[in-house]
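Data block below; observations after.
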Amino acid sequence: MIEKELLEKSHHIVDELGVENQLIIWIEECSELIKELCKWQRMYKEVGNNIPLSLRQNILTESIDVENSLNQIRHILKFTSREQMLEYEFKVDRTISKYLKQNG
């Protein structure tokens, strides 16, 4: 869980720099995480979850960048905790219904 003070700093960044300036950053951060996940996917049959430490660190770094971006987006669009949780619950339940029940 992200501490309130740190979250407020992240919100301050987007409040000061503006959404227009941050949009390209958010897109870039997502693409950098996608790039690292693609590297893992290419080697997955060989290594499974035992990925090289450097790749693990890269995924950690990029996932934190994406999390920061998501927190800024949530702040700017004023998503409530309730609507976020309802959407999250819907997505998890849908995945369980669609994939896990088929294979279980």
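- Cluster annotation: Leu17 is not connected to Val14 through the hydrophobic network of ILVMFWY side chains, with a link wherever side-chain heavy atoms come within less than 4.5 Å.
- Taken to the nearest 0.5 Å, the OG1 atom of Thr95 stands 9.0 Å off from the CZ atom of Phe90.
- Salt-bridge formation is detected for the pair Arg74/Glu67: a Lys NZ or Arg NE/NH1/NH2 atom is positioned less than 4.0 Å from an Asp or Glu carboxylate oxygen.
- Annotation: the span from Asp65 atom CG to Leu60 atom CG amounts to 9.5 Å, rounded to 0.5 Å.
- Residues Asp15 and Ile76 are in side-chain contact: their nearest non-hydrogen atoms beyond the backbone lie under 4.5 Å apart.
- By the criterion of side-chain heavy atoms lying less than 4.5 angstrom apart, applied directly or through intervening Ile, Leu, Val, Met, Phe, Trp or Tyr residues, Val66 is grouped together with Trp40 in one hydrophobic cluster.
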Return a table of donor-acceptor pairs under 3.5 angstrom between the side chains of residues 43-54 and protein atoms on other chains or two or more places apart.
residue	atom	partner	partner atom	Å
Tyr44	OH	Asn49	OD1	3.4

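- Within the structure, ring pair (Phe, Tyr, Trp, His ring centres under 6.0 Å) contacts touching residues 57-76 (residues at least two apart or in different chains) are His11-His75.
- Here the closest heavy-atom approach between residue Gln72 and residue Gln22 is recorded as OE1-NE2, 2.9 Å.
- Atom CD1 of residue Ile27 and atom CD1 of residue Ile24 lie 5.0 Å apart, to the nearest 0.5 angstrom.
- For the residue pair Gln84 and Phe79, the shortest heavy atom distance occurs at NE2-O, 3.3 Å.
- Cluster annotation: Ile25 and Val19 are assigned to distinct hydrophobic clusters (Ile/Leu/Val/Met/Phe/Trp/Tyr, side-chain heavy-atom contacts under 4.5 Å, transitive).
- Within the 4.5 Å cutoff, the side chain of Lys4 has no heavy atoms near those of the Leu7 side chain.
- From Lys9, atom NZ reaches atom CD of Glu3 across 10.0 Å, with rounding to the nearest 0.5 Å.
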Table please: side-chain donor-acceptor pairs of residues 28-37 below 3.5 Å, with sequence neighbours left out.
residue	atom	partner	partner atom	Å
Ser31	OG	Glu28	O	2.8
Glu36	OE1	Asn58	ND2	3.4
Glu36	OE2	Lys39	NZ	3.3

